[in-house]
Amino acid sequence: MSKCFNINKKAKTLTLSRILFWTLIMYILWPIILLFFGSIFSFVIPSSSVNFIFFLLLIIELILLPFLIRNNPKIKVFSKANLKDFFKNKTELALFAIFLVWAFISCFFSINPIVSMFGIEMVNGKIAVLQAFPMYLFYATIFVISYLVIKDKDFSKIFYTFSCMMIIMCVMTLIDKEGTIIYPFINHNSPYAGMFVNSNHFAYLLSMGILISACLFIFKKDIFMKTFYLISFALQVYTLNLNNTLGSFVAVILGLFMLSLLYAIKYRKFSLELIVVIMTFCACCMLALEKNMIIQIKDVVFDIFKVFGSIFGDVGGDVSGAGTNRWGLWLAAMQNMINYPIFGTGIDCYRFATPATSLMPHNEFLQIGSETGFIGIGLYLSALIILCVKYFKKLIKMNDNTFVVGIVVFTYLVSACFGNTMPHTFPYYMIFIGMLAYSLNKKEEYNQIS
């Protein structure tokens, strides 16, 4: 009887895991889902419908997640011995959890506690749903589900689904760069933005998609899949160049450099596929050569000299507009961290502390530091550093999937230095970093991507 009960319990846990896994797949595919329904029902679907989709998924996940955690062997922390082991061997998970608790506490000391806690504010006489603590909770839920339910065999499904979604988004964007024909229900503020309102937001996804495609082209053995990922890589690089987001372009270059370096260290062999990746990247950049990108690179070089000139001597003049105005935003964010060192301004209350500008810091680390104080950003960075140390310690013996997802997370973190947490991009990073945490905390058995 007891044996039958245990079998039934395991079956229920497995079913819950698969349901939650498919909620992740649904989230990855939300741009396509919204594209389909938005094209048919554009007269009833506003731009804020993205938040509605996330809210719906969050409700489903929060209902099912406690039942999964209760019976999941990956996260037994409810006894004193297990809790001690959790803090010792999965320190980064503990730090992420403490960070979430600290973010919640910071809401009570926020400039506007209602906005931070509930994300509701009256804008032009209408209720606006903002990126408040519920969105942090959504991000955390995505991370936990990714960590708990994704198995080794699921990595290829996640990579393939994400790449298919990116290919469709790129094709749609190239067909309708302004987004006025295919996406009439989205209020775009820049071209080549796809479903993502702003071209920068789309570029953050492109940076991850490009590195996934590059890695999978190298590791896949099947010629059909190699061809698929090479086409995906080329299409996304071409789109990124037209997208004209320099921060993500820099992230991709550094990601490819890290891929080349770590591949040489780990595998100690020459890779013809890696040469093909580099050559394809250069060819696509030349094919989509935009005068604007060249001007941006030149301007950034001059801005760097201006910033250093202002730091080491009064020769830089006004540098607030350096880096497409990002330097001024970063300085304002640093000042906010000094003014609100312990609890920060509160989640999504950055703009109340800097009334001169409504813009966010355009640096996720400074954004988190401004909103949750030095303690909050300290917890978040400490967790990332521990993950990084684990990654390099296991580099030689780790399997190919772990290697790939580590490169993807690194690339996103570089692009994060130039952007904000956005509800339609940041959860993808949560999925991948959840996969990385799972891979680095399990017993590694080397296996190749077939």
Is there side-chain contact between Ile407 and Ile212, with heavy atoms separated by less than 4.5 Å?
no

Could you check whether any side-chain heavy atom of Leu329 comes within less than 4.5 Å of a side-chain heavy atom of Leu366, counting everything from C-beta outward?
no

Applying side-chain hydrogen bond (donor to acceptor under 3.5 Å, both in side chains) between Glu364 and each of Tyr429, Tyr380, Tyr412, Tyr204, report the one that passes.
Tyr412

Can any side-chain N or O of Glu371 pair as donor or acceptor with the backbone N or O of Asp348 at less than 3.5 Å?
yes

Given the rule in the side-chain contact (heavy atoms from CB on, under 4.5 Å) test, do Leu100 and Phe133 qualify, once you have shown the distances and angles that lead to the verdict?
CA-CA 9 Å; Leu100 184 64; Phe133 182 75; 4.0 Å; yes

Apply ring-ring contact (aromatic ring centres under 6.0 Å, His included) to residues Phe162 and Phe432 and explain how you reach the verdict.
CA-CA 11 Å; Phe162 186 80; Phe432 292 127; 5.4 Å; yes

Could you check whether any side-chain heavy atom of Asn401 comes within less than 4.5 Å of a side-chain heavy atom of Val405, counting everything from C-beta outward?
no

Whether over 12 other heavy atoms sit under 6.0 Å from Lys177 NZ
no

With sequence neighbours left out, what residues match Tyr229 under side chain to side chain donor-acceptor pair (under 3.5 Å)?
none

Salt-bridge present (Lys266, Asp400; N to O < 4.0 Å)
no

Are the side chains of Ser248 and Phe418 in touch, meaning some heavy atoms are under 4.5 Å apart?
no

Among Tyr136, Phe143, Tyr139, Trp102, which residue meets the ring pair (Phe, Tyr, Trp, His ring centres under 6.0 Å) test with Phe96?
Phe143

Do you know which of Thr402, Asn399, Ile150 makes side chain to side chain contact (heavy atoms under 4.5 Å, CB included) with Phe155?
Ile150

Could you tell me whether the side chain of Cys285 reaches within less than 4.5 Å of the side chain of Phe249, counting heavy atoms only?
yes

Student check: side-chain heavy atoms of Glu92 and Leu440 closer than 4.5 Å
no

For the aromatic rings, using the six-membered ring if either is Trp, is the centroid distance between Phe403 and Phe219 under 6.0 Å?
yes

Side chains of Leu254 and Thr411: does their closest heavy-atom pair fall under 4.5 Å?
no

Identify the heavy atoms of Ile28 and Met165 that sit nearest to each other, and give their distance.
O-CG, 3.5 Å

